[in-house]
Amino acid sequence: MRPAATLPRVPGPRRTAPGHRGDLVVLAVEAVLLVAAVAVGLVLNRRGAGLHADAAPLYATWRPHAGWGTPLAVLVAVVVLGPGLRWARTARWAALLAAGWLAAVAWTLSLALVDGWSAGLTRRLTPQAEYLHEVPGVTDIPRMLAGFTDRIVDFQPDSWSTHTAGHPPGALLLFVWLDRIGLGGGTAAALCCVLVGATAAVSVPVTLRALGAAEAARAVLPFLVLLPGAVWLGASGDAVFTGVVAAGLALLAVRGTVAALGGGLLLGFALHLSYGFVLVGGLALAVLALRRERRRAALLAATAGVAAVTALFVLAGFRWWEGYERVVERYYQGWAAERPYAYWVWANLAALLLSAGPVLGPALRRAALAAGPVVGPALRRAALAARRARRAAGPWADGPVAGATGTGGDGRGWVRVLGPTVLLPAAAALAVAAADLSGMSKAEAERIWLPFVVWLLVAAAHLPPPARRWWLAAQALTALAVNHLLFTVS
């Protein structure tokens, strides 16, 4: 039996023989989807269909340009693709994490600086729609929290700006706290977003290693560093959201009940950063199921942490469920009422491809292949065991028969065999699918779904080692192409 820490592989040469061909087929499907989304977007924009995205499926404008961040971005990509990729396999763990974070910061900053210091960083978070617009008016935090829900709906004298109204008050609170400690203004806020967002390149590998996939953690880290979504991490509030969610999940994975409590506190706060983070619950449950020890204690501790943060906000006057009800009303007071669901429900996936990179489809395909030989036979064994148990129990049996799952009775068998490189991307994919079908993510998915993108890329661990450099190069080229052809809007 292979050790738990090794990377799961697709068993059998017959299953893996057409691997590269299958990856190219998936890549071709991705290309068709992207071309279709761009072409249909152009047609709909010319017809005035109300996409409100000049470069659909991205919320951006077509503006080919370069900047002094261009050579810096190319340099970072070359270093990661060359010595960085080799070093990731052999470096000491702590040194690798530190270097990964620094490289992610350098990559994100260099991409932002393609637009220039002012447009790429300083003024990115200062428009009227952003959180910083509201910071000077928050002179009393308890009063702001108590009256937050009343200001969500639009067309009132004191309605919140677009991004503030579209999120729970935790998002605004972050920038208010930054201002209180002397880090006010667009530059400080943007740099904080970059620094926090880059921690996802540390938190995700830490999670994988804690869950027994140390080799996979090293394989995935370079893909998190050269993340195409870094175009939107620098700089937007979603960068902070990505970092907070990833850190919360990492704390759920590491040993100790206290760490799980900390993870619950972070995830509870994340729930008050974005209403969509209720979907992080699936990822949290997957992490807890994959833990090696004290799963029930960790679940209780994490639940207590989420409940504690929620209780604090309720005591301060903000009730999440009431805010969500108002935010749905506000959502359809704006562009969402005009943006056609029939386009965005599939074009969002094209935007996701540009944020996660072309490696997404092939990586998920290989993760699914790794799961197939486990899940298929397990389902057949479970069904057979259930039939046998029912026959043995006789006609008076009622309800499920103990031990008839075929997975050790509680499903832990599947969890152990599939491992984090299958279950975590699967949980992230389900979250993205739910968000997409909800109709509450019409456009701007390239930014909004970043907290899930970093977990989707865990599937890249299933790529064969010789091919990883080429896929990583494709990731970097995607980010460079997007950032140099378009002017993205956060």
Side-chain angles (χ1 to χ4, degrees), residues 5 7-8 80 84-85 88-89 91 93-105 107-108 194-230 232-233 238-254 259 262-263 266-267 270 277 279-280 282-291 352 355-357 359-360 363-364 367 419-429 431-432 449-463 468 471-472 475:
L7 180 65
V80 174
L85 197 57
R89 296 193 294 267
W93 181 243
L96 177 61
L97 292 181
W101 178 75
L102 290 173
V105 169
W107 176 243
T108 306
V194 170
L195 297 176
V196 175
T199 61
V202 173
S203 296
V204 175
V206 165
T207 303
L208 292 174
R209 190 169 188 261
L211 297 177
E215 184 181 341
R218 291 177 177 272
V220 169
L221 192 146
F223 288 91
L224 298 169
V225 169
L226 294 186
L227 175 70
W232 295 275
L233 288 179
D238 296 271
V240 177
F241 304 167
T242 301
V244 170
V245 168
L249 292 172
L251 285 172
L252 293 188
V254 300
L266 275 181
L267 294 179
F277 288 160
L279 298 174
V280 173
L283 273 163
L285 290 175
V287 170
L288 289 169
L290 288 160
R291 275 178 63 106
L352 174 66
S355 184
V359 77
L360 178 63
L364 291 178
T421 58
V422 171
L423 291 182
L424 294 180
V432 165
W449 292 349
L450 280 171
F452 302 108
V453 164
V454 295
W455 298 99
L456 289 171
L457 289 180
V458 167
H462 289 274
L463 296 170
R468 288 174 189 163
W471 284 115
L472 195 58
Q475 296 288 95

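Atom set for the values below is all heavy atoms of this structure, side chains included, hydrogens, waters and symmetry mates excluded. If you're wondering where the values come from, they're calculated on a predicted model, not measured in any experiment. FYI, the numbering just counts along the sequence from 1.
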Write down the atom of [X], the atom of [Y], and the distance for their closest heavy-atom approach.
X    : Y    : value
V225 : A104 : CG1-N, 3.9 Å
G357 : P228 : CA-CG, 3.8 Å
A200 : V454 : CB-CG1, 4.2 Å
A367 : A459 : CB-CB, 4.0 Å
S203 : T207 : O-OG1, 2.8 Å
T421 : A461 : CG2-CB, 3.9 Å

> Are side-chain heavy atoms of L364 and P425 found at a separation under 4.5 Å?
Replying inline: yes
> Is L424 close to L208 at the side-chain level, that is, under 4.5 Å between some pair of heavy atoms?
Replying inline: yes
> Under the side-chain contact (heavy atoms from CB on, under 4.5 Å) test, which residues partner A239, sequence neighbours left out?
Replying inline: C193, L233
> Mind checking what makes side-chain contact (heavy atoms from CB on, under 4.5 Å) contact with V280, not counting sequence neighbours?
Replying inline: V245, L249, L267, F277, F452
>> Looking at W107 and L227, would you say the former's side chain and the latter's main chain have a donor-acceptor pair under 3.5 Å?
In response: yes
Once you round to the nearest 0.5 Å, how far does [atom1] of [X] lie from [atom2] of [Y]?
X    : Y    : atom1 : atom2 : result
W232 : L450 : CH2   : CG    : 8.0 Å
R218 : L97  : CZ    : CG    : 8.5 Å
T199 : W101 : OG1   : CH2   : 9.0 Å
E215 : R209 : CD    : CZ    : 13.0 Å
L211 : L290 : CG    : CG    : 5.5 Å
L456 : W449 : CG    : CH2   : 10.0 Å

> Checking side chain to side chain contact (heavy atoms under 4.5 Å, CB included) against F223, which of V458, V359, V80 comes through?
Replying inline: V359
